[in-house]
Number of protein chains: 2
Amino acid sequence: MDRSTDSTTNQPRTGLRERTRRAIQKEVTEAAERLFVERGYEATTIGHIAEAVGMSRRTLYRYFSTREDVVLGKLDVVTDEVLVALRARPAGEPVWVSLRHSFDGMIAHLDAAASSGLAVPMQRIILETPGLRARYLEKFERVEAMAELVVRERADAAGKPWAADDPTPRAVVAAALGCVLAAEHAWLAGGATESMALLVDRAMAAVGPRD
Amino acid sequence: MDRSTDSTTNQPRTGLRERTRRAIQKEVTEAAERLFVERGYEATTIGHIAEAVGMSRRTLYRYFSTREDVVLGKLDVVTDEVLVALRARPAGEPVWVSLRHSFDGMIAHLDAAASSGLAVPMQRIILETPGLRARYLEKFERVEAMAELVVRERADAAGKPWAADDPTPRAVVAAALGCVLAAEHAWLAGGATESMALLVDRAMAAVGPRD
DNA sequence: GCAGTGGGTGGCACAGTGTGTCAACCATGG
DNA sequence: CCATGGTTGACACACTGTGCCACCCACTGC
């Protein structure tokens, strides 16, 4: 079994093994972000990162399956949170409201990161570097696919199922995630001074499902 | 100047030079798609493609900057069409309607491709291969950014400009593009039998800006 | 204490991507 | 006829990501 990329199959194991693993990953990520911010992403090779943390290239690849993963790997935790939160919303609640609330954790995470120095420039690098941006969007797309399933299950449970070939549930989820990304762009454009929560609220008030 | 990746800076030059270039690109792309469909994307190297068209690896890289670009390069033409169409919409028209119409060309393209054998399996490969999917989403994101500008210009012209840090215009555009992607998923899931136009209509009827 | 066991580590080799460079080639027009 | 500018192929190169193997080290049962 592949242990190096199971962060999506994220079980809440709190064994010693997993904890030290997370700790090392975090250390590597922080060192890498420092390098990325000061030297640029393209100019920083896996070799540089490995050297910076005193680890062989080969070993580093056991913690991160890809160079992009060094930066984006930790997002899986956040996106998993979104899905858990979505599943936890009350059954009767309107989808758009449920979606908005399921973003709370992610948003809080971003708002909290606004003060600590490295997160914002790193986020900017992600959105400005083609390769990273592409992978970043892919993470969102995966959430989109999962969230669609949750939304469909909900509609099934409510006795109002969607036809399998109906694009509606996915469109709704995609619109919600589009709002988050739109908010994030606005957030970064304004120097991360405004509150993400506010920006997402504004976006999700301007767009939504038609009832 | 970099000539191999200027397909985004797409001028409507119809010189001999550009035409033969396009022709060769098309030939390579078709050969590559055959290989991708029968052998799989990951298993097909640039070397294989080069050999299949009787061309050196180095030369192939002068026509496509990336292996992904061999598949996705031709999309730039389509996405440029979307932007041109959007700019051409009448000033007074509601944004959502303008966006829907600006997709017409792209949709027709997909519906037409449904019958010719290679396009649909290729599209399926794109959405199933992580690397390709990521790049595909990035293309959409680029359209999103450009379309946002157009929408903002329009609002400016109408004397109702958006604040620079307002996520609304981008959220609207993102929602529209999300509808297209949602429709595409449904389309492929149903074996490309239904009309894309219909699916997009359904998605864009279910979601939209709140007035 | 001592062998055994299993996970973590580094070294090495390898296929593949994408790029710089250079010499050869080929069409065009003076 | 040759000069010129664009196209091509060959080679070399740095880098990514992976398979393989020997090694080390903590922990276990004897």
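Side-chain atoms are counted along with the backbone in the values below, which use heavy atoms only and exclude waters and symmetry mates. Below, chains carry the letters A, B, ... as their sequence lines are ordered, and counting in each starts from 1.
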query: Listed by chain and number, what are the side chain to side chain donor-acceptor pair (under 3.5 Å) partners of B:His101, not counting sequence neighbours?
result: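 With neighbours one apart ignored, the set is B:Arg89.
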task: Only counting residues at least two apart or in another chain, list the ones meeting ring-ring contact (aromatic ring centres under 6.0 Å, His included) with A:Phe36.
output: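 Residues passing ring-ring contact (aromatic ring centres under 6.0 Å, His included) with A:Phe36: A:Tyr41.
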Distance test, side-chain N/O of A:Tyr63 to OP1/OP2 of C:dG8, below 4.0 Å: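 No, A:Tyr63 has no side-chain N/O under 4.0 Å of OP1/OP2 on C:dG8.
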B:Thr59 side chain near D:dG9 phosphate (N/O to OP1/OP2, under 4.0 Å):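 For D:dG9, OP1 or OP2 has a side-chain N or O of B:Thr59 closer than 4.0 Å.
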message: According to side chain to side chain donor-acceptor pair (under 3.5 Å), does anything in residues 118-138 of chain A pair up with another residue at least two apart or in another chain? List the pairs.
response: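 Passing the test, one end in residues 118-138 of chain A: A:Gln123-A:Tyr136, A:Gln123-A:Glu184, A:Arg133-B:Glu138, A:Arg135-A:Glu138, A:Tyr136-A:Glu184, A:Glu138-B:Arg133.
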Salt bridge (charged side-chain N to carboxylate O under 4.0 Å, His left out) contacts touching residues 95-110 of chain B (sequence neighbours left out):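 Listed once each, the pairs are B:Arg100-B:Asp104, B:Arg100-B:Asp201.
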task: Enumerate the residue pairs fulfilling salt bridge (charged side-chain N to carboxylate O under 4.0 Å, His left out) with a member in residues 167-178 of chain B, sequence neighbours excluded, ordered by first and then second residue.
output: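 For residues 167-178 of chain B: B:Glu141-B:Arg170, B:Glu144-B:Arg170, B:Glu148-B:Arg170.
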- request: Would you jot down, in residue-number order, the residues of residues 41-55 of chain A having a non-hydrogen atom under 4.0 Å from DNA chain D?
  value: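 Here the set is A:Thr45, A:Ile46.
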query: Is any side-chain N or O of B:Arg62 under 3.5 Å from a base N or O of D:dG9, one able to act as donor and the other as acceptor?
result: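 Looking at the base of D:dG9, it does pair with a donor or acceptor on the side chain of B:Arg62 (distance under 3.5 Å).
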- prompt: Under the 3.5 Å rule, do the base of C:dG20 and the side chain of B:Arg58 count as making a donor-acceptor pair?
  reply: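 Check passes, donor-acceptor contact within cut-off.
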message: Classify B:Arg57 by what it touches in the nucleic acid, base, sugar-phosphate, or nothing, heavy-atom distance under 4.0 Å.
response: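 Counting heavy atoms under 4.0 Å across all strands, the contact made by B:Arg57 includes a base.
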task: Could you please spell out the steps behind the side-chain hydrogen bond (donor to acceptor under 3.5 Å, both in side chains) verdict for A:Arg57 and A:Thr45?
output: CA-CA 10 Å; A:Arg57 215 169 58 89; A:Thr45 73; over 6 Å; no
To the nearest Å, give me how far apart [atom1] ([X]) and [atom2] ([N]) are.
{"X": "A:Leu60", "N": "D:dC15", "atom1": "CG", "atom2": "P", "answer": "15 Å"}
{"X": "B:Arg17", "N": "D:dT7", "atom1": "CZ", "atom2": "C1'", "answer": "9 Å"}
{"X": "A:Arg67", "N": "D:dA14", "atom1": "CZ", "atom2": "P", "answer": "16 Å"}
{"X": "A:Tyr61", "N": "C:dG8", "atom1": "OH", "atom2": "P", "answer": "20 Å"}

